[in-house]
Number of protein chains: 2
Amino acid sequence: MSKGVRTRAAILGEALSLTSTDGLSGLTIGLLAERTGLSKSGLFAHFGSKEQLQVAVLEEAQACFTTHVIRPVLDLPRGLPRLEAFAEGWWTWNQKPPFPGGCPIQAASLELDDRPGPLRDEIAGAQRRLRAFIRQGAGMAVAAGHFRADLDCTLFAFQMVGIAFAQTMTCRLLGEPEGLDFVRRAWRAQVADAQRTTQTKTGEISHDQ
Amino acid sequence: MSKGVRTRAAILGEALSLTSTDGLSGLTIGLLAERTGLSKSGLFAHFGSKEQLQVAVLEEAQACFTTHVIRPVLDLPRGLPRLEAFAEGWWTWNQKPPFPGGCPIQAASLELDDRPGPLRDEIAGAQRRLRAFIRQGAGMAVAAGHFRADLDCTLFAFQMVGIAFAQTMTCRLLGEPEGLDFVRRAWRAQVADAQRTTQTKTGEISHDQ
DNA sequence: AAATTAAACGAACGATCGTGCTATTGTCAA
DNA sequence: TTGACAATAGCACGATCGTTCGTTTAATTT
């Protein structure tokens, strides 16, 4: 590995930490240069513009999430086991991410949702891929008979994303220690609902959706 | 109403718009002065510091939420009717708030969750009050017999907050037109779960939690 | 209408922002 | 070991940041 690639990786690691606490807009070249021990211009040359640096940070965050949360569960059997393991991994990631602050992508999702451009596209792509992963995971659980056949997997992903956001607010902003407990119970309720066969008041089983 | 109060209100209105699109860190005194037609120093004198301006913006946002979403439902009968109306009002608020961007408090909740100080305290207080309102609303629904007696109202509020965040991500960041549909279905599922009496596999009714 | 207080302005401050340049240093292959 | 090239530093730029101060204009009270 050449020198340039190595320092670039070191910069991105520090940038990820900074972004996690101060957000993408708090990520400043001068501060980042100071923390990495580089000169402003020396650091700048690695990325060409601030926006490209920010995009690189978002890509790095995604890669980090993949290795920490996604990859480990791919070895597990499809369906509910994999989905449960992913859920637990995700809650752990939100609870105690590998950087000092919260998940940068989650924060950036609300920070940049009204400012079109490459940054928002990058974040939107990340969130779309994540939701697709959940949706497919739920689909496998349906195929395996773990979930009811008429489950709306897109809605399932929507609800799971909601739990993750609520977790960050409860645990990180409010600092409530029992937050993780709520997360697990909300998740259990969602899984139970996905398993329960749809019933009408008269008791017969229905499969419309 | 004296002149100072009037212009201060005008400033806060414009500041709210600016914050909704660019976030609390994007709210800058120079830009705000330009948009309101005031001089930087003239505007600055109204608040004394940038942080106090930011706090004022957050207070204004809360007041706006109260008049638009909270107050209207207080006339409705307690329990499920009021809760349903609040839900619909909240989804509408998130979908099309009275400013160009998204809800500033929601965005700030993830923007400042790692930076202690008066700003974070203000946001945390707002979120705590909101959750207490939901919790009490659910409690009234339990008291009225609309929800099952063993419902955990704190968990109920947690889940509802999650739906709101997922809405913002889906509708605002991803721009999916069917987002509001998911919101309503997720909410319906949550209400149904709160109404459903807890059952064991053997069919008898249980009330443990 | 005059006196008094409140509100807004204009100019400047040091600091930091992102971004160009031109050197100088360091790294690797021939 | 030297030559080529990548990597970093140094310096400066215009712009903007939050903030202070003295002055001037406007509003309110007497």
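Letters A, B, ... mirror the listed sequences (proteins, then strands); counts begin at 1.
- The nearest heavy atom of DNA chain D to Lys3(B) and to Leu31(B) marks one nucleotide each, and the one closer to the 5' end goes with Leu31(B).
- Rounded to whole Å, the distance from CG on Leu32(B) to P on dT19(D) is 13 Å.
- Here the C1' atom of nucleotide dA12(C) and the CZ atom of Phe44(B) are 15 Å apart, to the nearest Å.
- Atom CD of Gln52(B) is separated from atom C1' of dG18(D) by 13 Å (rounded to the nearest Å).
- Summarising the geometry, the separation between CZ on Arg6(B) and P on dA27(D) is reported as 9 Å, rounded to the nearest angstrom.
- Each side-chain hydrogen bond (donor to acceptor under 3.5 Å, both in side chains) pair with one or both residues in residues 174-183 of chain B, not counting sequence neighbours, appears once here: Arg131(A)-Glu176(B).
- At the heavy-atom level, Leu43(B) lies nowhere under 4.0 Å from the strands shown.
- In summary, Arg188(A) and Asp193(A) do not engage in a salt bridge, as defined by a charged side-chain N under 4.0 Å from a carboxylate O.
- Between dC28(C), dT28(D), dT19(D), one nucleotide has an atom nearer to the side chain of Lys50(B) than all others, and that is dT19(D).
- Residues satisfying the side chain to side chain contact (heavy atoms under 4.5 Å, CB included) test with Phe44(B), not counting sequence neighbours, are Ile29(B).
- The pair Asp75(B)-Arg82(B) does not count as a salt bridge, with every side-chain nitrogen at least 4.0 angstrom from each carboxylate oxygen.
- In this structure, Gly48(A) reaches neither bases nor backbone, as no heavy-atom distance under 4.0 Å exists between it and the strands shown.
- At dA6(D), none of the side-chain N or O atoms of His46(A) fall inside 4.0 Å of OP1 or OP2 (strictly under the cut-off).
- Side-chain proximity of Ser2(B) to the nucleotides dT8(D), dT19(D), dA7(C) is greatest for dA7(C).
- Proximity of a side-chain donor or acceptor of Glu111(A) to a complementary backbone N or O of Ser25(A) within less than 3.5 Å is detected.
- Among the protein residues, Ala45(B) comes within range of no part of the nucleic acid, since none of its heavy atoms lies under 4.0 Å from any strand.
- Look at Arg184(B) and Glu88(B) and you find a salt bridge, because one of the NZ, NE, NH1 or NH2 atoms lies within 4.0 Å of a carboxylate O, short of that distance.
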Using a 4.0 Å heavy-atom cut-off, write out nucleotides 10-16 of chain D from 5' to 3' as B (base contacted by protein), S (sugar-phosphate only) or - (no contact).
B------

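- Spacing between atom CD1 of Ile29(A) and atom P of dG20(C) amounts to 10 Å, rounded to whole angstrom units.
- Taking atom CZ of Arg8(B) as the reference point, atom C1' of dA6(C) lies 15 Å away to the nearest angstrom.
- Using a 4.5 Å heavy-atom cutoff, the side chains of Ile134(B) and Phe158(B) are not in contact.
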